[in-house]
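Please read all numbers here as calculations on a predicted model, not as lab measurements.
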Amino acid sequence: MLRAKLASLMPLFEGNQTELSTDIRSVQVIANAYLLESLLSNLLMNAIRHNVSKGMIEIFLADGILSIRNTGPTLTKPAKILFERFIKDDASAPSTGLGLAIVKEICLQHGWWVSYTSNGVWHEVKVRFDQPPHSPGKEEA
């Protein structure tokens, strides 16, 4: 499903001159297919939309963990609030501010763990499809 979603978004990567790097291994996930597709769409579109010109996106999937990293501008708001509805880091950004809130809810519905981190240049969202001992189904920032 991830490979198919990437293929459908390839014109956006190329149009933004985004360098894409992937390491995708086969992972079996038990989930509602529609919700999983929505989660992937939101995460990939965020990585494209909130990137810089000629930026980079790295996607890793293995051992029950999906990591999507992208270059982007430094956050102006605390990362933790980005999981709330209608919250955007950049008010002028062409988004509704719902993407990460939807991702969070899908993860909660499935008992998955989601986190967002940023070091100023790189932004990363990780989803663990298993239930780690700490905070199953919770988000971290």
Using atom types as modelled and distance alone, determine if a side-chain donor or acceptor of [X] lies under 3.5 Å from a backbone N or O of [Y].
{"X": "His123", "Y": "Pro73", "result": "yes"}
{"X": "Ser41", "Y": "Glu37", "result": "yes"}
{"X": "Trp112", "Y": "Cys107", "result": "no"}
{"X": "Ser118", "Y": "Gly120", "result": "yes"}
{"X": "Asn51", "Y": "Met56", "result": "yes"}
{"X": "Asn119", "Y": "Val121", "result": "yes"}
{"X": "Ser21", "Y": "Glu58", "result": "no"}
{"X": "Arg3", "Y": "Ile24", "result": "yes"}

Checklist entry - Which is it for Val103 and Leu43 under the side-chain contact (heavy atoms from CB on, under 4.5 Å) test, yes or no, and what are the steps along the way? => result CA-CA 8 Å; Val103 166; Leu43 292 177; 3.8 Å; yes
Could you tell me if the side chain of [Y] sits less than 4.5 Å from the side chain of [X], heavy atoms only?
{"X": "Leu35", "Y": "His110", "result": "yes"}
{"X": "Val127", "Y": "Ile65", "result": "no"}
{"X": "Val125", "Y": "Asn46", "result": "no"}
{"X": "Leu61", "Y": "Phe129", "result": "yes"}
{"X": "Asp23", "Y": "Ile59", "result": "no"}

Next on the checklist: Taking CG in Asp63 as the centre, count heavy atoms belonging to other residues, nucleotides or ligands within less than 6.0 Å. Is the count above 12?
Outcome noted: no
Item to check | Within 6.0 angstrom of Lys5 NZ, more than 12 heavy atoms from elsewhere | outcome: yes
Item to check | Trace of the side-chain contact (heavy atoms from CB on, under 4.5 Å) decision for Phe60 with Thr22 | outcome: CA-CA 6 Å; Phe60 171 82; Thr22 63; over 6 Å; no
Nearest 0.5 angstrom please: [X] [atom1] to [Y] [atom2], how far?
{"X": "Ile57", "Y": "Leu44", "atom1": "CD1", "atom2": "CG", "value": "7.5 Å"}
{"X": "Leu20", "Y": "Asn70", "atom1": "CG", "atom2": "CG", "value": "11.5 Å"}
{"X": "Leu36", "Y": "Ile106", "atom1": "CG", "atom2": "CD1", "value": "8.0 Å"}
{"X": "His50", "Y": "Met45", "atom1": "NE2", "atom2": "CE", "value": "9.0 Å"}
{"X": "Met1", "Y": "Leu39", "atom1": "CE", "atom2": "CG", "value": "10.0 Å"}
{"X": "Leu40", "Y": "Leu66", "atom1": "CG", "atom2": "CG", "value": "6.5 Å"}

Next on the checklist: Checking side-chain polar atoms at under 3.5 Å, does Ser67 have a donor or acceptor matched by the opposite partner on Glu124?
Outcome noted: yes
Next on the checklist: Between Ser38 and Ile102, does the side-chain contact (heavy atoms from CB on, under 4.5 Å) criterion hold? Intermediate values first, please.
Outcome noted: CA-CA 8 Å; Ser38 180; Ile102 291 169; 3.9 Å; yes
Item to check | Transitive ILVMFWY side-chain link Ile30 to Tyr34, under 4.5 Å | outcome: no
